[in-house]
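Input: a single structure, listed below in structure tokens.
All chains are named by letter (A, B, ...) in the order of the sequence lines, taking the proteins before the strands, and each is independently numbered beginning at 1. Because the structure is predicted, anything quoted here is derived from the model rather than measured.
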There are 2 protein chains.
Amino acid sequence: MAENIAERIADRVEAMPPGERKAAQALVANYPLIGLKTVADFAAKAGVSAPTILRFVSRLGFQHYSDFQAHLQEELAAQLQSPLIRSTAPASSRESGASPMVDASIENIRETFRHIPAHQIAEIVDVLANPRMRIMLVGGRFTDPLARYMAAHLTIIRPNVLHLAGQESNWRDRLIDMGKRDILVILDIRRYQESLVRFAEKAGQRGVHIILLTDQWLSPIARFARHVVAGRTAVPSAWDSSAALFVMAETLIAEVTRRLEVESARRIGEMENLRDN
Amino acid sequence: MAENIAERIADRVEAMPPGERKAAQALVANYPLIGLKTVADFAAKAGVSAPTILRFVSRLGFQHYSDFQAHLQEELAAQLQSPLIRSTAPASSRESGASPMVDASIENIRETFRHIPAHQIAEIVDVLANPRMRIMLVGGRFTDPLARYMAAHLTIIRPNVLHLAGQESNWRDRLIDMGKRDILVILDIRRYQESLVRFAEKAGQRGVHIILLTDQWLSPIARFARHVVAGRTAVPSAWDSSAALFVMAETLIAEVTRRLEVESARRIGEMENLRDN
DNA sequence: CGCCATACGTAACAGTTATTACAGAGACAG
DNA sequence: CTGTCTCTGTAATAACTGTTACGTATGGCG
């Protein structure tokens with residue numbers, strides 16, 4: 001379905017009459033641009049008539065010339081999106097330039113991932129991908145949105161995902177139900193919130209598997225956590241940046257999704273069924 | 001004459017009226033493919049009418065839309081023919097080591113900011129830093145946490161910041177109080193949520209100043225928005241990445257904070273007083 | 001040599017497109 | 001508030017585009 005048009009041509013070019021073969025040659029010769037022009041232009045370039053072009057695209061499986069063009073455009077779009085293609089770019093603005101804020105964020109992301117061994121991420125993913133464990137997520141004042149972000153994705157691909165929202169008292173009472181089969185993902189950066197620390201401590205005592213995402217100075221929660229991920233947060237701003245932790249969150253989400261591919265596919269299918277009714 | 005159209009846009013975008021500026025944004029956001037489609041398609045993507053598109057290309061120095069398209073095609077042809085890009089890729093020499101996910105995220109951030117002129121960010125900051133305007137923030141399924149993140153910061157440095165949480169019906173009823181003195185910050189990436197579009201449309205009709213953070217394919221809300229920021233989202237994952245938009249959010253927060261430095265310092269002082277009692 | 005099937009182009013048609021003129025909406029100075 | 005100027009969308013139009021039907025040419029086979 002999503003196959004390349006160039007390949008499709010190569011497959012069928014032998015079975016084509018001479019005129020259409022000329023069309024095929026002209027198309028691959030300067031692929032794919034003439035395919036985006038009008039039928040008349042295409043025909044002139046190929047040295048055939050317009051109807052021959054239409055018969056050609058019809059043989060490729062497209063009912064309308066516009067379908068054919070749409071397909072070519074999609075291919076082009078995918079190709080242009082791959083980041084490495086940027087010859088027309090002003091090369092100067094490349095290395096830095098954007099803004100100190102952006103440069104610092106990128107540097108933070110790089111540094112954060114350089115200091116984290118791959119096996120540590122793998123271990124966390126193992127834990128998060130275990131469907132028999134219940135996942136709870138909570139964050140501080142500014143990091144709670146990141147917890148929500150993770151929860152929004154995880155809850156789609158696996159069961160038993162819960163974001164602890166609202167007031168501290170709300171989730172403190174949940175402690176009584178928590179135990180060794182629970183995972184607690186905590187996000188906490190400066191200034192560390194006492195309420196979170198207390199909560200984490202009690203959860204740790206009950207055997208909850210704590211995964212902490214924090215900054216490079218390490219929240220005191222690190223003492224109770226089984227896994228600690230430290231992200232760089234320094235940027236030229238009055239605030240600390242959570243960008244590195246955000247990318248970390250997305251990375252974890254992506255990996256867990258990959259791990260649960262089969263299970264989650266079925267799960268998503270069921271969800272869409274439920275939505276249709 | 002043989003200059004790049006993207007550069008030509010960057011030169012003249014400041015002198016353009018708002019509608020044509022939206023056209024410029026839409027074109028730069030996914031350059032250059034929408035420029036190769038029909039005027040009507042281009043107009044729909046940009047959220048303006050067809051004549052505005054024609055005035056836009058006219059301002060770029062093209063007498064006919066077809067001239068404009070021809071120029072774009074030549075650029076594309078030159079770009080596609082130069083094979084140096086992929087082979088001499090400098091990204092490998094640079095330590096790309098981390099992971100494809102991280103590399104893609106960094107590249108997305110770079111690309112996003114490269115496509116956004118500095119004055120556009122400045123304009124948005126101007127609006128957000130106006131204390132007489134009320135700011136409301138809302139997001140879609142996965143982007144709502146970003147709205148929360150922005151709200152959490154903005155609400156500290158200035159008054160009248162409100163995150164629209166929960167069900168659609170909750171905020172739809174707020175429309176009646178909304179008008180020209182309101183700013184609505186909307187985050188919306190694929191797959192765009194109908195409820196958000198409807199909400200934005202009605203808000204736009206009431207004169208609300210809409211700032212849209214979306215992906216490179218532009219949410220349909222772009223039609224109603226006064227400011228559109230398009231972030232790259234493609235990563236090697238089953239999900240789209242909001243990392244670029246996250247950095248954009250942090251950048252906006254940082255800039256607004258800087259702008260309001262004096263006012264917010266007093267405000268923060270008062271807040272701490274209130275907390276101590 | 002004659003018949004048939006396939007391939008191709010010409011020409012007409014219908015739908016779509018770019019383009020233009022015009023009027024309403026909005027911003028701004030007086 | 002009033003007039004003016006800029007900007008923008010609506011609607012009509014003229015050019016063009018894709019598409020189809022049809023006739024001609026060509027090559028193979030009896």
Protein heavy-atom contacts under 4.0 Å, written 5' to 3' over nucleotides 22-27 of chain D as B (base), S (sugar-phosphate only) or - (none), form the string ------
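- Applying a 4.0 Å cut-off to non-hydrogen atoms, the residues of residues 36-50 of chain B that approach DNA chain D are B:V48, B:S49, listed by residue number.
- Within the structure, salt bridge (charged side-chain N to carboxylate O under 4.0 Å, His left out) contacts touching residues 117-126 of chain B (residues at least two apart or in different chains) are B:R21-B:E123, B:D126-B:R259.
- Mapping B:M16 and A:Q69 onto DNA chain D by nearest heavy atom places B:M16 at the nucleotide closer to the 5' end.
- Distance CG (A:L54) to P (C:dG9): 12 Å, rounded to an integer number of Å.
- With hydrogens and angles left out, the side-chain atoms of B:Y31 and B:Q216 include no donor and acceptor closer than 3.5 Å.
- Taking the screw axis at each terminus of the helix from C:dC1-D:dG30 to C:dG30-D:dC1 from five consecutive base pairs, the angle between the two is 20° to within rounding of 10 degrees.
- Residues meeting the salt bridge (Lys or Arg N to Asp or Glu O under 4.0 Å) test with B:R174, sequence neighbours left out: none.
- For A:T52, the side-chain atoms get nearest to C:dC8 when compared with the rest of C:dA11, C:dC8, D:dG9.
- B:P17 comes within contact range of the sugar-phosphate backbone alone, with a heavy-atom separation under 4.0 Å but no base atom that close.
- Ring orientation note: the planes of B:F68 and B:F42 are close to parallel, at an angle under 30° on the 30°/60° scale.
- Every residue two or more places apart in sequence or in another chain that forms a ring-ring contact (aromatic ring centres under 6.0 Å, His included) with B:H227 is listed here: B:H209.
- Of the N and O atoms on the side chains of B:E111 and B:H115, at least one donor lies less than 3.5 Å from an acceptor on the other residue.
- Under the rule for a salt bridge (Lys or Arg N to Asp or Glu O under 4.0 Å), the partners of B:E20 that lie at least two apart in sequence or sit in another chain are B:R59.
- Annotation: salt bridge (Lys or Arg N to Asp or Glu O under 4.0 Å) contacts of B:E261 (sequence neighbours excluded): none.
- Sorted by first and then second residue, the salt bridge (charged side-chain N to carboxylate O under 4.0 Å, His left out) pairs with a member in residues 136-154 of chain B read B:D144-B:R148; sequence neighbours excluded.
- Computed from coordinates, the A:Y65 OH to C:dT17 P distance equals 15 Å when rounded to whole Å.
- In this entry the distance linking CD of B:Q205 with P of C:dA25 reads 14 Å, nearest Å.
- For residues 162-193 of chain B, the ring pair (Phe, Tyr, Trp, His ring centres under 6.0 Å) pairs, not counting sequence neighbours, are B:W171-B:F199.
- Judged as a salt bridge (charged side-chain N to carboxylate O under 4.0 Å, His left out), not a single pair has a partner in residues 199-222 of chain B (not counting sequence neighbours).
- Atoms CG (A:D67) and C1' (D:dG18) sit 12 Å apart, rounded to a whole Å.
- A:I53 has its CD1 atom 12 Å from the P atom of D:dT19, to the nearest Å.
- Applying the salt bridge (Lys or Arg N to Asp or Glu O under 4.0 Å) criterion to A:R55, with sequence neighbours excluded, gives no partner residue.
- Taking side-chain N and O atoms only, B:H64 has no distance below 4.0 Å to OP1 or OP2 of C:dA18.
- Atom pair B:R59:CZ and D:dT6:P shows a separation of 12 Å (rounding to whole Å applied).
- When the C1' atom of C:dT19 is taken as reference, atom CD of B:Q63 falls 12 Å away, rounded to whole Å.
- Atom CZ of B:F56 is separated from atom C1' of C:dT19 by 18 Å (rounded to the nearest Å).
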